[in-house]
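Read through the structure below, which is laid out as structure tokens, and then see the notes.
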Amino acid sequence: MRLSRFLAVAGAASRRKAEDIIRAGRVRVNQALVKDPAFNVEAEHDRVELDGRVLQLEEPVYILLYKPAGYLSTVTDTHGRPTVLDLLPAVRQRLYPVGRLDLDTEGLLLLSNDGDFTYLITHPRHEIEKVYQAEVKGEVTRRVVRQLRDGVMVDGRPTSPARVKVLKRSRGRTRLEIRIHEGRKRQVKKMCASVGHPVLSLKRTALGVLTLQGLKPGDYRHLIRQEVDQLRSLAVEDGGHEFD
Ligand code: URA
């Protein structure tokens with residue numbers, strides 16, 4: 001396998017960062033300095049060191065968590081607030097969130113120790129569909145739904161076409177389902193705010209082939225092999241990009 005992939009799978013860095021780390025001369029294979037990210041390593045035999053520390057290939061884990069609101073999608077927090085890792089005490093491997101949900105957003109969050117997978121799933125080119133349910137303030141008209149579908153300005157750039165439908169209209173609020181392929185920071189909240197309907201609560205209900213079916217807030221499960229493969233192939237197809 002490529003040296004850069006080895007670093008990513010070992011959880012040392014994302015694949016892109018791994019290439020920089022290798023070029024910077026921080027990696028040795030069987031004690032020899034290697035600066036070529038494409039250098040071929042035999043995972044079972046070769047000894048790969050980063051800054052003098054031997055890297056082990058952990059068994060890759062892929063977890064689907066139903067994140068409750070009130071947990072950060074980060075590994076640590078300087079203010080000591082609860083993070084999603086607090087919900088997974090039984091998992092031994094070092095896990096990283098695959099993408100993010102805001103502190104007050106609930107729903108489907110993936111975690112993994114496979115940096116290569118994380119790169120593939122979160123890279124903007126790969127555009128895996130994400131489905132959100134947003135409870136917004138006000139009664140959303142058909143015209144506003146069309147605006148959200150066609151694209152609205154977020155941080156000075158129009159959003160790509162989205163699939164939007166009204167799930168429920170009640171007095172003073174509307175529940176929308178919003179399907180997007182982009183993953184800009186706080187995108188759904190900014191989209192809704194830009195058409196005058198601030199988000200009251202937000203939940204991610206699906207990512208590609210995955211849903212929250214059978215889980216309650218705080219529950220998690222391991223993905224099965226087939227789901228990991230499906231996500232990988234979705235990422236490659238959607239982005240039209242070939243990966244080794
Ligand atoms: N969009 C948001 O605004 N927040 C999230 O947590 C996810 C998508």
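Numbering of ligands and ligand atoms starts at 1, following listing order.
- Contacts of Lys189 with ligand 1, taken as heavy-atom pairs under 4.0 Å, involve both backbone and side chain.
- Looking at ligand 1, you'll find an N or O of Asp102 within less than 3.5 Å of one of its N or O atoms.
- Aromatic pair Phe117/Tyr62: centroids less than 6.0 angstrom apart.
- Tyr66 and Lys203 are linked by a side-chain donor-acceptor pair at a separation below 3.5 angstrom, with hydrogens and angles left out of the test.
- Each of the following atoms of ligand 1 lies closer than 4.0 Å to a heavy atom of Gln187: 1 (N), 2 (C), 3 (O).
- A donor-acceptor contact closer than 3.5 angstrom links the side chains of Gln187 and Glu182.
- One option in Lys130, Arg184, Arg186 has a heavy atom closer to atom 2 (C) of ligand 1 than any other, and that option is Arg186.
- Applying the 6.0 Å contact sphere to CZ of Arg16 captures no more than 12 heavy atoms from other residues, nucleotides or ligands.
- A side-chain donor from one of Arg2 and Ser4 sits under 3.5 Å from a side-chain acceptor of the other.
- In terms of polar-atom proximity, defined here as any N/O pair under 3.5 Å, Arg100 makes no such contact with ligand 1.
- Of all the atoms in ligand 1, the ones that sit under 4.0 Å from a non-hydrogen atom of Thr105 are 4 (N), 5 (C), 6 (O).
- For residues 67-102, no pair satisfies ring pair (Phe, Tyr, Trp, His ring centres under 6.0 Å), with sequence neighbours left out.
- The shortest N or O to N or O distance between Leu202 and ligand 1 is not below 3.5 Å.
- Atoms of ligand 1 found under 4.0 Å from any heavy atom of Tyr132, numbered from 1 in the order shown, are 7 (C), 8 (C).
- Using a 4.0 Å cut-off between heavy atoms, Val188 contacts ligand 1 through both its backbone and its side chain.
- Ion pairing of Glu19 with Arg15 is absent here, as no side-chain N (NZ or NE/NH1/NH2) approaches a carboxylate O to less than 4.0 Å.
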